[in-house]
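Written below as structure tokens is the structure these notes are about.
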Amino acid sequence: MPVPEPRQCGQSCPCPGLRTRLPVLRWLPRYSLAWLQLDVIAGLTVGLTVVPQALAYAEVAGLPLQYGLYSSFMGCFVYCFLGTAKDVTLGPTAIMSLLVSSYAFHEPVYAVLLAFLSGCIQLTMGLLHLGFLLDFISCPVIKGFTSAASITISFNQIKNILGLQGIPRQFFLQVYETLRRIGETRAGDVILGLACLAALAGLRAMKGRLPRAAPAEPLAARVSYLIVWTSTTARNALVVLFAGLVAYSFQVMGSQPLTLTGSIPQGLPAFQPPRFSMATPNGTIPFRSMVEDIGVGLAVVPLMGLLETVAIAKAFASQNDYRIDPNQELLAMGFANILGSFVSSYPITGSFGRTAVNAQSGVCTPAGGLVTGALVLLSLAYLTSLFYYIPKAALAAVIISAVVPMFDAGIFRTLWRVKRLDLVALCVTFLLCFWEVQYGIVAGVLTSGIFLLYSIARPPIKVSEGDVLLVQPGSSLHFPAIECLRDAVCSRVLAAASPPRSIILDCRHISSIDYTVVVGLAELLQELRKQGLSLAFCSLQDPVLQVLLSAELEGFQYFPSWEEAERCGGAEPEGGRSPPFTSTSETSLLPAGLIQ
């Protein structure tokens, strides 16, 4: 059921500006008990998923496990009031945890500060309506990053499946050390880890094939469906609980073949500002040095967080027939990260897996997040002592099960078939992410940007030769492209055995031009005039025509169509303009040295 659309503003309705900034005011006045029931069920289901995942993702981030739980509740509360998608749930994710591992250096102080600074950047982007910047991160770059992240995160957990300690986090060193120390594998961890992976895969497959129970079926059938559906949906919690019971049984018997999570501090985190300096044995690291250490992470982390959230929100909004406000999503993310940093959260974003669970559970409004957040708080307050017995191999299985579907092998084949040039950006991102995540993302964005700039600088230009040289640019002209256009015209004119009597520039595909292009066209008019040739414009769109008329180009003439321009041979300009090559005024667009 979609979030209700806002009512038409009237005397009994809150201020439209307030309703825009507080989306909760759109659906709260119409909230019902039926919605409450579904929101509670969805919130509990997501909560059973987020608790084991939070512990596992903290391991990926290289932080103490309690920080995964610290990062899992504030986003739920904030998004309830500020979010525009009923399905989205915020919290730690595999991708964001990997980025935090790269930029926070496994230091909680750095991770919390990164959340605060990322939130400030996201909030500023939302206030300035800068969400369009996300459009410059192309799909091949995203696919390359997520596919590489799937492999690196999965392999990072192999050490926990094998029970190995002291494995470095850099991917290539990790591979080398894991293979070198394969003989130190602990059999108990391997058996439990593989069993957990098999159980998770089986439960996932079972959920995909589970037929939905119709309301007309007997009560026993509907109850059975509900039990199976809950078990498959909360499979992470069930597998971790089972593994914990196995570990506890071994502990009672006096032997422990498994590597356990260990003690996790009990209680809620203190509500306090993030620390803007860090004490070390060698002195205090000031705020400026911490920011310099984080470096490019201040751009990568907030942008990737926003990209992940907005992409998920758009996908589920389209699926469930409601609309989101991308700039409001930026504000929600910004506030969630800023306030989260006050409870020791590391950067959070939208989770695709948990959002899917939320939607499949029938959530009606963002209020389901309140239940999820409350369940995480209860776990922190009362259940952390039980987390001691969770085997690391079980958490590793949860992570691997979550990130393996992120690897998209088909995208390589698809891009090879559709557009092979995009495969370059994909491969650059994919390969460099194994070295360092930031290098892969930045290199991929730069590669895509170079291809984009090249297409702008070298637009397709069709030239038809004859008595009249017809030049047809295939897209708008911007300043890098004017030299390409001039070369296309001049090279044909000078190389022709019999020069054309005139040149016609067909502008039907040109929707905009800039000042540099106007200057270049003025130079081209002068250059052709010296060769005794005319240049006529045809099929000009209104914005382009207005720019050229305002520029008062010397010898400028235009026609409604190229047929009319060819028929007239450029002899008579339209609309009473000056005759061909007759100067009406000295152009002011050319630099003084170019005016002959």
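Source: prediction; values computed, not measured.
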Rounded to the nearest 0.5 Å, what's the gap from CD on E177 to CD on E184? Could you check? 9.0 Å

Those residues at least two apart in sequence (or on a different chain) that pass side-chain contact (heavy atoms from CB on, under 4.5 Å) with L173 are P168, Q170

Please round to the nearest 0.5 Å and tell me the distance separating atom SG of C76 and atom CG of L370. 8.5 Å

Heavy-atom side-chain proximity of I294 to L114 below 4.5 angstrom: yes

Would a 4.5 Å heavy-atom cut-off, applied to side chains only, mark F145 and M304 as touching? yes

M125 vs L306 side-chain heavy atoms within contact, under 4.5 Å: yes

Side-chain heavy-atom pair I151, C433 within 4.5 angstrom cut-off: no

Take V100 and V301 through the test side-chain contact (heavy atoms from CB on, under 4.5 Å) and record every step on the way to the result. CA-CA 8 Å; V100 170; V301 170; 5.6 Å; no

Any donor-acceptor pair under 3.5 Å from Q256 side chain to A247 backbone: yes

Could you give me the CA-CA distance, side-chain angles and deciding distance for S345 and M74, then say whether side-chain contact (heavy atoms from CB on, under 4.5 Å) is met? CA-CA 8 Å; S345 166; M74 185 59 77; 5.8 Å; no

More than 12 heavy atoms of other residues, nucleotides or ligands under 6.0 Å from OH of Y176: yes or no? no

What I'd like to find out is whether the side chain of T259 reaches to under 4.5 Å of the side chain of Q165, using heavy atoms alone. yes

Main-chain N/O of I161 paired with D189 side-chain donor or acceptor, under 3.5 Å: no

Y382 atom OH, neighbour heavy-atom count above 12 within 6.0 Å: no

Minimum heavy-atom separation for C196 to A243, with atom names? SG-CB, 4.3 Å

For S138, what residues pass the side-chain hydrogen bond (donor to acceptor under 3.5 Å, both in side chains) criterion, not counting sequence neighbours? S448

So, does Q53 use its side chain to make a donor-acceptor pair with the main chain of V398 at under 3.5 Å? no

A quick test of your reading: do over 12 heavy atoms of other residues, nucleotides or ligands sit less than 6.0 Å from CZ of F407? yes

Set of residues satisfying ring pair (Phe, Tyr, Trp, His ring centres under 6.0 Å) with respect to Y389, sequence neighbours excluded: Y248

If I compare all heavy atoms of P347 with all of S118, which pair ends up nearest, and what's the gap? CG-OG, 4.5 Å

Go through the steps to decide whether F430 and F434 satisfy the test ring-ring contact (aromatic ring centres under 6.0 Å, His included), and finish with yes or no. CA-CA 7 Å; F430 179 76; F434 290 112; 5.0 Å; yes

Report yes or no: does R186 contribute a side-chain atom to a donor-acceptor pair with the main-chain N or O of L164 at less than 3.5 Å? no

Under a 3.5 Å distance rule, please check whether T152 uses its side chain to pair with a backbone N or O of A149 as donor and acceptor. yes

Is the F335-F81 ring centre distance short of 6.0 angstrom? no

Under the side chain to side chain contact (heavy atoms under 4.5 Å, CB included) test against I264, which residue among Y67, Y388, F387 passes? F387

Full working for ring-ring contact (aromatic ring centres under 6.0 Å, His included) between Y70 and Y346: CA-CA 8 Å; Y70 294 165; Y346 67 80; over 10 Å; no

Nearest heavy-atom neighbours spanning L63 and A111: CD1-CB, 3.8 Å

Going by heavy atoms in the side chains, are F73 and V343 under 4.5 Å from each other? yes

Are any side-chain N or O atoms of S255 and backbone N or O atoms of Q251, one a donor and one an acceptor, separated by less than 3.5 Å? no

Roughly how far apart are F242 CZ and L192 CG, rounded to 0.5 Å? 7.5 Å

Heavy-atom pair of closest approach, residues A443 and L432: CB-CD1, 3.4 Å

Go through the steps for T84 and E329 under the test side-chain hydrogen bond (donor to acceptor under 3.5 Å, both in side chains), then give the verdict. CA-CA 7 Å; T84 59; E329 292 296 302; 2.6 Å; yes

Please tell me if the side chains of Q157 and N160 come closer than 4.5 Å, counting only heavy atoms from C-beta onward. yes

Kindly compute the distance separating CD (E292) from CD1 (I285), expressed to the nearest 0.5 Å. 11.5 Å

Least distance between heavy atoms, T372 atom then G43 atom: OG1-O, 2.9 Å

Using modelled atom types only, decide if a donor and an acceptor are shared between the side chain of S72 and the backbone of G68 within a distance under 3.5 Å. yes

Donor-acceptor check, side chain of S231 to backbone of I227, threshold 3.5 angstrom: yes or no? yes

Using a 3.5 Å distance criterion without hydrogens, assess whether the side chain of K143 forms a donor-acceptor pair with backbone atoms of D408. no

Over all heavy atoms of both residues, which pair between H106 and A61 is shortest? Give the atoms and the distance, please. CD2-O, 3.8 Å

What's the verdict on side-chain contact (heavy atoms from CB on, under 4.5 Å) for M290 and L113, showing C-alpha distance, side-chain angles and the deciding distance? CA-CA 9 Å; M290 294 178 72; L113 179 62; 3.6 Å; yes

Here the gap from L238 atom CG to T232 atom OG1, rounded to the nearest 0.5 Å, amounts to 9.0 Å

CA sep, side-chain torsions, deciding dist, call: S351, T93, side-chain hydrogen bond (donor to acceptor under 3.5 Å, both in side chains): CA-CA 6 Å; S351 165; T93 65; over 6 Å; no

Would you check, one step at a time, whether the test side-chain contact (heavy atoms from CB on, under 4.5 Å) holds for V239 with N236? CA-CA 5 Å; V239 167; N236 291 332; over 6 Å; no

If you round to the nearest 0.5 Å, how far is CG of L130 from CG of L128? 5.0 Å

Minimum side-chain heavy-atom gap L331-L82 below 4.5 Å: no

Is a side-chain N or O of R204 found less than 3.5 angstrom from the main chain of S401, in a donor-acceptor match? yes

